[in-house]
Q: 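Below is one structure. I have some questions about it.
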There are 2 protein chains.
Amino acid sequence: MRKTVQKQVILSTVLASCDHPDAETICERARAVIPSISLGTVYRNLAQLAADGKLKRISIPDSGDRFDKNVEEHAHFHCLGCGKVIDVNLNFEQMDSCKEFLTEKMGVTLTKITVVMQGYCSDCAKGE
Amino acid sequence: MRKTVQKQVILSTVLASCDHPDAETICERARAVIPSISLGTVYRNLAQLAADGKLKRISIPDSGDRFDKNVEEHAHFHCLGCGKVIDVNLNFEQMDSCKEFLTEKMGVTLTKITVVMQGYCSDCAKGE
DNA sequence: GGCTTATTGATAACGATTATCAGTAACATT
DNA sequence: AATGTTACTGATAATCGTTATCAATAAGCC
């Protein structure tokens, strides 16, 4: 993995983001530093940085992927109104019996667990 | 909602499926009964039936949606090797404190919870 | 400095899903 | 049973997020 200005800017952009930006938003923010950076480069580096464990890719049902500086195992809430994503402190140890069953009884190797709660935040209460 | 042969066949196809088929697979199976049925019709009816609570749409990260006759709240395991999806008996009550925090403290209205565990099943042990 | 090759920017391709639209069929009303 | 209304169909185009392609560039080793 080669160290490039683009990669450094993309990583620091995510690290500086307190929301959970998608690739396009990250691209826009990175363009404040490197105006010529292309969306393809952003996607490429995000994938590489996620594979390298430097950031986390979050899959949101019926929506584009988001990126998170918090690489710890945690859950998310996604507002179907405004689209914002917030961290949720779910105790994943509560899932241990379930994970143990899969790994020990079923012979499964777990690599990724996705927990996304969706609905409407207080600002977007459905029907308003 | 009008009762059509297509809708009935699509629903009974899903109800008869013990795997978790995607729209294209459901379309192929439905074509055994109605050879002329189109993929668009399958998608349209699956969306309608899911909205009506007659079946469940499952979002799988980095993969197409699957459909499930089990409409109860439950989790899934998705094998990154062979692509199969199986039901996982996760006790969602273990998440109650988390859900309560969102609904009571944050004022959130929850409509959908996605829990997907991904990895490799015993037949697809990674690296083989 | 020169060489190798990973990376870039631009653009095309992709796959899953949704939208469009003219023709058809479901079903309520006579 | 014929009629009218309109939801639904099949075919196809369009969309969206993402990945692949490719010639040009630049990182990092010798």
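Both backbone and side-chain heavy atoms feed into the values below; hydrogens, waters and symmetry mates do not. Within every chain, numbering begins at 1; the chains are lettered A, B, ... in the order of the sequence lines, protein sequences first and strands thereafter.
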Q: Do A:V115 and A:L102 sit in one hydrophobic cluster, given that two such residues count as connected whenever their side-chain heavy atoms are within less than 4.5 Å of each other, even indirectly?
A: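 Same hydrophobic cluster.
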
Q: Drop me the distance from A:N70's CG to A:H20's NE2, to the nearest 0.5 angstrom.
A: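 So the gap between those two atoms works out to 7.0 Å.
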
Q: For residues 1-9 of chain B, which side-chain donor-acceptor pairs fall under 3.5 Å, sequence neighbours excluded?
A:
residue, atom, partner, partner atom, Å
B:T4, OG1, B:K7, N, 3.1
B:K7, NZ, B:R2, O, 2.9
B:K7, NZ, B:Q48, OE1, 2.5

Q: Do A:L90 and B:V116 belong together in a cluster built from hydrophobic side chains that touch within less than 4.5 Å?
A: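 Hydrophobic grouping puts A:L90 apart from B:V116.
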
Q: Counting only heavy atoms and a strict 4.0 angstrom limit, can you tell me which residues of residues 50-60 of chain B come near DNA chain C?
A: B:R57

Q: Report, one pair per line, the protein and nucleotides 12-14 of chain C atoms (nitrogen or oxygen only) whose separation is under 3.5 Å.
A:
none

Q: Tell me which residues in residues 3-22 of chain B put a heavy atom below 4.0 Å from DNA chain D, sorted by number, or none.
A: B:T4, B:Q6, B:K7

Q: Hydrophobic clusters here meaning ILVMFWY residues chained together by side-chain heavy-atom distances under 4.5 Å, can you tell me if B:M95 and B:F77 are in one?
A: yes

Q: Going by side-chain heavy atoms closer than 4.5 Å, which hydrophobic residues are tied to A:V71, directly or by a chain of links?
A: none

Q: B:C18: which residues meet the side chain to side chain contact (heavy atoms under 4.5 Å, CB included) condition with it, sequence neighbours left out?
A: B:K69

Q: Please list, in 5' to 3' order, the outermost nucleotides of DNA chain D lying under 4.0 Å from any heavy atom of chain B.
A: D:dT6 to D:dA11

Q: Nearest 0.5 angstrom please: B:T114 OG1 to A:H78 NE2, how far?
A: 11.0 Å

Q: Can you list every salt bridge (Lys or Arg N to Asp or Glu O under 4.0 Å) pair that touches residues 33-58 of chain A, not counting sequence neighbours?
A: A:D52-A:K54, A:R57-A:D65

Q: Test of understanding: with side chain to side chain donor-acceptor pair (under 3.5 Å), list the residues that count as partners of A:D96, not counting sequence neighbours.
A: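 For A:D96, no residue satisfies side chain to side chain donor-acceptor pair (under 3.5 Å) once neighbours in sequence are set aside.
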
Q: Quick test of your reading: applying salt bridge (Lys or Arg N to Asp or Glu O under 4.0 Å), list the pairs with at least one residue in residues 14-26 of chain B, sequence neighbours left out, ordered by first then second residue.
A: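 Checked against salt bridge (Lys or Arg N to Asp or Glu O under 4.0 Å) - neighbours excluded - the pairs reaching residues 14-26 of chain B are B:D19-B:R29.
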
Q: Name the residue closer to the 5' end of DNA chain D, choosing between A:D65 and B:I34 according to the nucleotide with the nearest heavy atom.
A: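 Its nearest nucleotide being more 5', the pick is B:I34.
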
Q: Can you give me the closest heavy-atom contact between A:I37 and A:A30, atom names plus distance?
A: CG2-CB, 4.2 Å

Q: Per the ring-ring contact (aromatic ring centres under 6.0 Å, His included) rule, what does the pair list look like for residues 39-75 of chain A, sequence neighbours excluded?
A: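 ring-ring contact (aromatic ring centres under 6.0 Å, His included) check on residues 39-75 of chain A returns A:H74-A:H76.
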
Q: Which ones in residues 35-47 of chain A lie close to DNA chain D, meaning a heavy atom under 4.0 Å from one of its atoms?
A: A:Y43

